[in-house]
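Here's the structure, in structure tokens; my notes come after.
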Amino acid sequence: MPEETQNRAAEDPIRYNPTEIEPRWQAQWDADASLYAAEDEATSKKPKYYVLEMLPYPSGKLHMGHVRNYSIGDALARYQWMRGYNVLHPMGWDSFGLPAENAAIKNNIPPREWTLSNIAEMRTQMRRMGLSYDWAQREVTTCLPDYYKWNQWFFLRMYEKGLAYRKQSKVNWCPQCATVLANEQVVGGYCWRHDDQLVEQRDLEQWFFRITDYVDELLDGIDKLDGWPDKVRTMQRNWIGRSEGAEITFKVKDCTDGMAITVFTTRIDTIFGATSIQLAPEHPIVKHWASFDDTLRPQVEEMVAQQKAAKEADAFGNIEKHGVPTGREAINPFTGEALPIWVANYILADYGTGAIMSVPAHDERDYEFAGKYNLPIKRVIAPNVDTDDLALPYVAEEESVLIDSGEWTGEAVLEAQEKMAAHAEAKGFGKAKTTFRLKDWGVSRQRYWGTPIPMIYCDGCGIVPVPDEQLPVLLPEKIEITQTNGSPLSQVPEFLNVTCPKCGGKGRRETDTMDTFVDSSWYFYRYTDAKNANAPFDSAKANYWFPIDQYIGGVEHAILHLIYSRYWTKVMRDLGLIKNDEPATRLFTQGMVIKNGAKMSKSKGNIVSPDDMIAKYGSDATRMYALFAAPPDKDLEWQEEGVAGISRFLARVYRLTTKYAPEIAAHFAEEKKTGEALLAGLSTEGMNLLRKLHQTVAKITQDFSGRWHFNTCIASIMILVNEIAANEQAMDNGLVPIDTRAEVFRTLTLLLAPFAPFLAQELWAQMGQTGQVFRASWPIADEELAKEDEIEIPVQVNGKLVNVVRVAAGSEEEMIKAAAHEDEKVAARIAGKTVVKQIYVPGKLVNIVVK
RNA sequence: GCCCGGAUGGUGAAAUCGGCAGACACAGCGGACUUAAAAUCCGCAGACCUUAAACGGUCGUGGGGGUUCAAGUCCCCCUCCGGGCACCA
């Protein structure tokens with residue numbers, strides 16, 4: 001906007017000027033620390049409502065994704081206040097993590113300083129947006145000791161319960177981050193932070209949380225999360241990856257020391273068709289054999305290397321199947337047959353038992369492998385109807401039956417699976433077994449900017465937990481950040497060297513820090529009691545507020561954050577801290593913000609800065625556009641012209657409302673007519689306005705409680721404002737009395753309050769209303785007033801629209817049909833034809849079928 | 001390969017239970033106001049055919065089939081786009 005225009009706009013008293021209105025109200029709101037405070041849980045008589053948006057990483061600047069996320073949550077929070085709920089609406093900072101260390105290296109700023117100044121900047125932006133967070137009582141900053149102390153406290157509790165443990169394991173290693181990554185942080189074989197960095201596999205001693213102890217509950221609980229999007233529920237099910245089957249032990253033939261191989265299979269019913277055993281190259285027994293077999297060893301080593309390379313390149317599915325016979329055989333416990341044992345490059349050591357029985361006749365992959373090495377193929381499953389020309393491999397259907405399978409011949413596959421597993425268990429060579437894809441949660445990170453793991457290594461006592469009274473284990477402030485030599489903390493002697501709490505001897509601290517997903521797994525509980533110095537939170541408070549009524553965030557957290565926080569909730573429940581099983585009743589995942597068809601990103605150069613938008617059009621217009629341009633669950637294409645359009649709409653509302661505000665203010669100062677008195681002798685124009693008003697109230701109220709299509713909510717407010725503008729003359733010349741005008745504008749302001757809080761507040765005040773508009777009562781739609789007294793009925797002939805007839809609302813079917821037949825166009829269309837039948841949908845349509 | 005979404009004018013979209021396809025906006029075009037512009041206000045606006053214009057007609061929700069008096073919406077098949085899982089035994 002040219003400067004000149006802007007200046008002139010500022011001088012015009014009638015013109016909507018968000019750059020004047022918004023800072024004025026923001027100053028007042030900022031000065032009132034209790035403005036958005038929730039009522040005390042012990043005394044509040046209102047029903048509670050906990051609305052939460054995912055806390056951001058404080059990168060320094062809000063982006064449009066944030067704006068969208070918070071606009072949704074803020075509209076909901078304000079709406080619920082107006083509906084009379086006791087609303088908890090907090091915000092915090094997911095403020096540990098690698099970018100702070102990268103910034104420290106790049107700009108030579110300590111991570112803490114960098115992070116805290118980013119937080120200050122982003123908090124300012126959020127306040128400028130007018131977001132209704134309780135900063136004074138609830139703000140949570142995960143990188144500060146008053147928060148991470150409780151991460152450590154939880155770690156100790158989990159250690160006591162055996163839920164935190166240490167083991168050597170293969171880990172994902174990003175050379176650029178110089179740290180371990182969780183599986184979830186590996187995207188297609190690449191680091192989630194470095195698109196071009198392949199992740200390597202390394203062996204390290206790591207701390208793990210036993211999430212697998214809760215895997216059944218995590219999976220089964222998904223069924224009950226009916227307030228969560230199906231998409232997220234499906235993603236979590238896939239991620240957990242339950243697979244039901246059986247473990248069967250095959251004895252190795254001619255082996256005196258009882259050596260045996262246990263395979264995992266989901267198809268125990270096909271065991272009579274097994275023609276070989278396939279082992280992962282890293283299977284312990286393979287290692288053992290290779291150690292003294294000079295022919296086998298190099299081949300196995302090659303396969304191990306190949307698997308590792310393929311995994312790192314995320315191309316495991318692409319490697320060509322290849323195997324080597326070990327020259328040994330295993331005994332099928334069901335048949336007594338000896339089956340050759342092979343080592344194969346497509347078998348994973350860390351899934352199931354690292355060993356399979358190969359049934360070529362009924363498994364695609366086994367069929368391919370058997371074909372390549374001329375292994376026998378033996379059919380043991382048939383469709384219910386006997387066929388001779390069955391194409392192999394034949395994967396069983398529900399009604400398939402077993403053939404050539406001893407005493408199980410003729411059984412249906414599903415029954416056979418159960419019975420054969422039971423048989424194996426009874427005979428002691430197997431059992432039914434469920435396997436999961438989900439692994440325990442590796443939480444060690446060789447980084448500085450995270451929660452120190454509160455453990456000490458003592459030469460005499462071994463692993464010693466830091467006693468509670470010594471918490472928090474503080475991160476040292478003075479530190480040089482490097483990206484080599486493992487953990488930065490190991491370079492700090494004051495941190496590293498410690499007295500063993502058990503024996504008083506010399507000990508050394510754990511120098512790894514915790515995965516930042518620990519921080520975000522329970523932060524929303526801390527909001528309920530953010531200043532508690534003696535406990536992570538007061539259980540009574542958490543039990544009042546939990547579960548979260550509505551959680552809102554990006555779908556990119558569907559697996560990582562949302563599984564970990566579900567897990568943490570169950571752990572806290574079992575520690576007796578809370579009563580709820582799940583953190584959030586309802587979850588909403590908003591769509592991405594797109595510009596020119598691509599997700600906004602620095603690399604694409606299609607970033608639109610919220611600051612620029614707000615400076616140009618104001619917070620209200622920016623927020624409202626984010627809600628108007630698309631339904632909140634879909635992707636949103638950012639078009640600046642659209643923001644300008646919303647700004648024009650708000651200007652229209654401002655001009656119309658302020659025009660009548662003084663007389664409305666005077667009117668409210670006097671006695672106010674209500675109900676019948678308001679309607680007595682009201683003009684058509686007045687009735688039309690009230691009707692549209694109540695229709696709008698009904699629509700928005702319904703949408704808030706259901707499908708959240710705020711785009712159509714805002715459209716309906718636009719329709720209302722168009723109707724008001726169309727009646728401006730009628731209002732000016734007295735056709736619409738002051739009572740009605742006051743009612744219309746006051747209600748319009750209430751309807752705007754969740755979407756455009758600054759403007760609504762300004763108009764509220766100009767109309768002489770006191771207090772905060774978002775604490776006023778949400779209007780109640782009057783069904784009678786909202787009813788149309790004349791309705792349009794489309795009339796079809798043979799299903800094609802011919803004309804629309806107007807009839808009085810509530811007209812009888814016969815009257816409406818008669819009106820349809822009287823219509824000239826309809827009459828012309830059916831003239832000379834026989835009416836076969838007539839369809840009448842009450843209040844909707846008439847369809848006359850003719851021949 | 002399996003499992004979820006999605007595809008509607010020039011653009012973002014609407015149509016909530018099978019009942020007027022394109023609400024509400026954006027961009028565009030025409031007009032009013034203005035010396036002029038901006039702002040504002042009013043009007044037009046799916047495509048095609050017909051017409052001087054209007055009236056009128058036909059087609060139209062990714063493609064093909066089906067159910068129905070009636071389909072963007074339900075069923076079957078297919079294409080493309082997005083997301084998740086994947087030699088997972």
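Chain letters run A, B, ... following the sequence lines, proteins first, then strands; residues in each count from 1. Both backbone and side-chain heavy atoms feed into the values below; hydrogens, waters and symmetry mates do not.
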Which is true for [X] with a 4.0 Å heavy-atom rule: it touches a base, it touches only sugar-phosphate, or it touches nothing?
X: G241(A); value: nothing
X: I646(A); value: nothing
X: E244(A); value: nothing

Is the shortest side-chain N to carboxylate O distance from [X] to [Y] below 4.0 Å?
X: E368(A); Y: K321(A); result: yes
X: D350(A); Y: K439(A); result: no
X: E790(A); Y: R806(A); result: yes

Exercise for the section: Could you encode protein contacts along nucleotides 5-14 of chain B as a string, one character per nucleotide from 5' to 3', using B for base contact, S for sugar-phosphate-only contact and - for no contact, with a heavy-atom cut-off of under 4.0 Å? Expected result: ------SBSS
Exercise for the section: Go along nucleotides 53-60 of chain B 5' to 3' and tag each nucleotide: B for a protein heavy atom under 4.0 Å from its base, S when only backbone or sugar atoms are that close, - otherwise. Expected result: ---SS-S-
Exercise for the section: Find the runs of at least 3 consecutive base pairs, i with j, i+1 with j-1 and so on, that include RNA chain B, using Watson-Crick or G-U wobble geometry with both distances under 3.5 Å. Expected result: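 Only these stems qualify: B:1-7 with B:79-85, B:10-12 with B:24-26, B:28-32 with B:40-44, B:46-49 with B:56-59, B:62-66 with B:74-78.
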Between [X] and [Y], a side-chain donor and acceptor under 3.5 Å:
X: R707(A); Y: Q702(A); answer: no
X: T249(A); Y: E247(A); answer: no
X: Y617(A); Y: E640(A); answer: yes
X: H322(A); Y: E302(A); answer: no
X: Q695(A); Y: E788(A); answer: yes
X: K699(A); Y: T712(A); answer: yes
X: N727(A); Y: E685(A); answer: no

Handout entry: Nearest-nucleotide comparison on RNA chain B, the residue closer to the 5′ end among Q796(A) and M718(A)
Key =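 The residue mapped nearer the 5' terminus is Q796(A).
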Handout entry: Residue closer to the 5' end of RNA chain B, G642(A) versus K321(A) (nearest nucleotide)
Key =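 Residue closer to the 5' terminus by nearest nucleotide: G642(A).
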Whole angstrom is fine here: how far is it from [atom1] in [X] over to [atom2] in [N]?
X: F649(A); N: U40(B); atom1: CZ; atom2: P; result: 14 Å
X: I714(A); N: C26(B); atom1: CD1; atom2: P; result: 14 Å
X: I594(A); N: G83(B); atom1: CD1; atom2: C1'; result: 12 Å

Exercise for the section: Give a yes or no on whether the ring-centroid distance for F250(A) and F429(A) is below 6.0 angstrom. Expected result: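 Judged by ring-centre distance (under 6.0 Å), F250(A) and F429(A) do not meet the cut-off.
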Handout entry: Pairs flagged by side chain to side chain donor-acceptor pair (under 3.5 Å) wherever residues 644-653 of chain A is involved - sequence neighbours left out
Key =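 Residue pairs passing side chain to side chain donor-acceptor pair (under 3.5 Å), neighbours aside: R652(A)-N722(A).
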Practice task
List for me each residue that meets side-chain contact (heavy atoms from CB on, under 4.5 Å) alongside R829(A), sequence neighbours excluded, and say none if there are none.
Solution key: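 Testing R829(A) for side-chain contact (heavy atoms from CB on, under 4.5 Å), a comparison that skips the adjacent residues, returns V797(A), V802(A).
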Handout entry: Partner residues of A698(A) under the side-chain contact (heavy atoms from CB on, under 4.5 Å) criterion, sequence neighbours left out
Key =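 Per chain and number, A698(A) pairs via side-chain contact (heavy atoms from CB on, under 4.5 Å) with A781(A).
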Which ones in [range] lie close to RNA chain B, meaning a heavy atom under 4.0 Å from one of its atoms?
range: residues 719-733 of chain A; result: I719(A), N722(A)
range: residues 362-371 of chain A; result: R365(A)
range: residues 837-851 of chain A; result: K837(A), I839(A), V841(A), K844(A), L845(A), N847(A), V849(A)

Can you see if the side chain of [X] gets near the phosphate of [N] - specifically, an N or O under 4.0 Å from OP1 or OP2?
X: R648(A); N: A27(B); answer: yes
X: S716(A); N: A23(B); answer: no
X: R655(A); N: A39(B); answer: no

Sticking with atom [atom1], work out how far [N] lies from [M], rounded to a whole angstrom.
N: C20(B); M: U73(B); atom1: P; result: 13 Å
N: G83(B); M: A89(B); atom1: P; result: 25 Å
N: A45(B); M: G10(B); atom1: P; result: 16 Å
N: A32(B); M: A23(B); atom1: C1'; result: 27 Å
N: A70(B); M: U51(B); atom1: P; result: 33 Å
N: U16(B); M: G72(B); atom1: P; result: 13 Å
N: A27(B); M: G66(B); atom1: C1'; result: 40 Å
N: U58(B); M: G6(B); atom1: P; result: 33 Å

Show me the donor-acceptor pairs, under 3.5 Å and distance only, between side chains in residues 844-851 of chain A and residues at least two apart or in other chains.
unit_1: N847(A); atom_1: OD1; unit_2: G799(A); atom_2: N; d: 3.0

Problem - Base orientation of G46(B), syn vs anti, 90° cut from 0 - result: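 In terms of base orientation relative to the sugar, G46(B) is anti.
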Problem - Assigned glycosidic conformation for C17(B) [threshold 90° from 0] - result: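 The base of C17(B) is oriented syn (glycosidic angle within 90° of 0).
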Exercise for the section: Fit a plane to each ring of Y373(A) and F369(A), take the angle between them on a 0 to 90° scale, and name the class: parallel (under 30°), tilted (30 to 60°) or perpendicular (over 60°). Expected result: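 Tilted: the ring planes of Y373(A) and F369(A) meet at 30° to 60°.
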Practice task
Mind telling me whether F334(A) and F272(A) have parallel, tilted or perpendicular rings, with 30° and 60° as the class edges?
Solution key: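 Because their plane-to-plane angle is over 60°, the rings of F272(A) and F334(A) count as perpendicular.
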Problem - Pairing residues for Y660(A) by the ring-ring contact (aromatic ring centres under 6.0 Å, His included) criterion, not counting sequence neighbours - result: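 Residues passing ring-ring contact (aromatic ring centres under 6.0 Å, His included) with Y660(A): F745(A).
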Handout entry: With Y394(A) via ring-ring contact (aromatic ring centres under 6.0 Å, His included) - residues at least two apart
Key =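 If we apply the ring-ring contact (aromatic ring centres under 6.0 Å, His included) test to Y394(A), skipping adjacent residues, there are no hits.
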Practice task
State, with a plain yes or no, whether a side-chain heavy atom of F628(A) is found less than 4.5 Å away from one of M718(A).
Solution key: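 Contact flag for F628(A)/M718(A) side chains = yes.
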